[in-house]
Amino acid sequence: LATPNYPLGLKEQGIVGTVRVEVVVDVSGRVMTANVVSSDHEELNGPAVEAALRSVFTPPRGDRDNVTVAFRFPPRQPQQQQQQTAQPTE
């Protein structure tokens, strides 16, 4: 996955959050669409979508051929792990 560009203002304020993005990956592994499913902070949405669109995945495979798939990331975490929040990188 490509790393999102964390908004400087939020980083300076110590504001963190999680944005769940649904992507559609084509037969070559490129992201065709990326849409926000849920978000802790609206200002994180744009960077999350941009990072998703820059990402390249191993092409998904069906029984014989590559296929187009939709999925969400980050995946939901077990309840006890949801307390931990991702921190912006320096």
Side-chain angles (χ1 to χ4, degrees):
L1 297 174
T3 302
N5 296 317
Y6 212 88
L8 184 59
L10 296 182
K11 187 175 182 179
E12 289 173 345
Q13 295 175 49
I15 296 174
V16 297
T18 300
V19 179
R20 293 189 72 223
V21 179
E22 180 177 77
V23 297
V24 175
V25 178
D26 70 12
V27 297
S28 68
R30 300 243 178 233
V31 175
M32 296 170 48
T33 63
N35 298 296
V36 173
V37 175
S38 65
S39 176
D40 293 340
H41 202 287
E42 190 172 320
E43 288 184 53
L44 298 174
N45 295 359
V49 168
E50 290 169 8
L53 290 170
R54 289 192 318 266
S55 298
V56 179
F57 296 87
T58 301
R61 295 192 61 83
D63 289 338
R64 295 183 183 179
D65 298 318
N66 290 356
V67 295
T68 299
V69 296
F71 66 95
R72 295 177 179 178
F73 68 89
R76 288 197 185 272
Q77 299 175 0
Q79 190 66 25
Q80 69 236 37
Q81 291 180 354
Q82 288 183 356
Q83 300 299 330
Q84 300 173 348
T85 306
Q87 300 294 319
T89 56
E90 297 288 324

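For the numbers below, each heavy atom of this structure counts, side chains included, while hydrogens, waters and symmetry mates do not.
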Could you tell me which residues satisfy side-chain contact (heavy atoms from CB on, under 4.5 Å) with [X], sequence neighbours excluded, listed by chain and number?
X     : answer
Ala70 : Val24
Val49 : Ala34, Val36, Leu53
Glu50 : Arg54
Arg30 : Asp26, Ser28, Val56

Legend entry - Contacts of Thr33 that satisfy side-chain hydrogen bond (donor to acceptor under 3.5 Å, both in side chains) - sequence neighbours left out: none

Legend entry - Counterpart residues, side-chain hydrogen bond (donor to acceptor under 3.5 Å, both in side chains), relative to Glu43 (two or more places apart): none

Inset, instruction - Heavy atoms only: give me the nearest Tyr6-Val16 pair and the separation to one decimal. - result: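 Answer, listing the atom of Tyr6 first, then Val16: OH-CA, 2.9 Å.
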
Inset, instruction - Locate the shortest heavy-atom distance separating Pro4 from Pro47; write the atom from each residue and the value. - result: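 Result for this residue pair: CB-O, 3.7 Å.
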
Legend entry - pair Leu10-His41: side-chain heavy atoms closer than 4.5 Å: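 Yes. Closest side-chain heavy atoms under 4.5 Å.
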
Inset, instruction - For residues Ser38 and Val19, determine if any side-chain heavy atom of one lies less than 4.5 Å from a side-chain heavy atom of the other. - result: no

Inset, instruction - If you link ILVMFWY side chains whenever their heavy atoms are less than 4.5 Å apart, which other residues fall into the same cluster as Val37? By chain and number, please. - result: none

Inset, instruction - Determine, stepwise, if the pair Arg72 / Val21 fulfils side-chain contact (heavy atoms from CB on, under 4.5 Å). - result: CA-CA 5 Å; Arg72 295 177 179 178; Val21 179; over 6 Å; no

Legend entry - Rounded distance [0.5 Å steps], CG in Asn35 versus CG in Asn45: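 Nearest 0.5 Å value for the CG-CG distance: 11.0 Å.
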
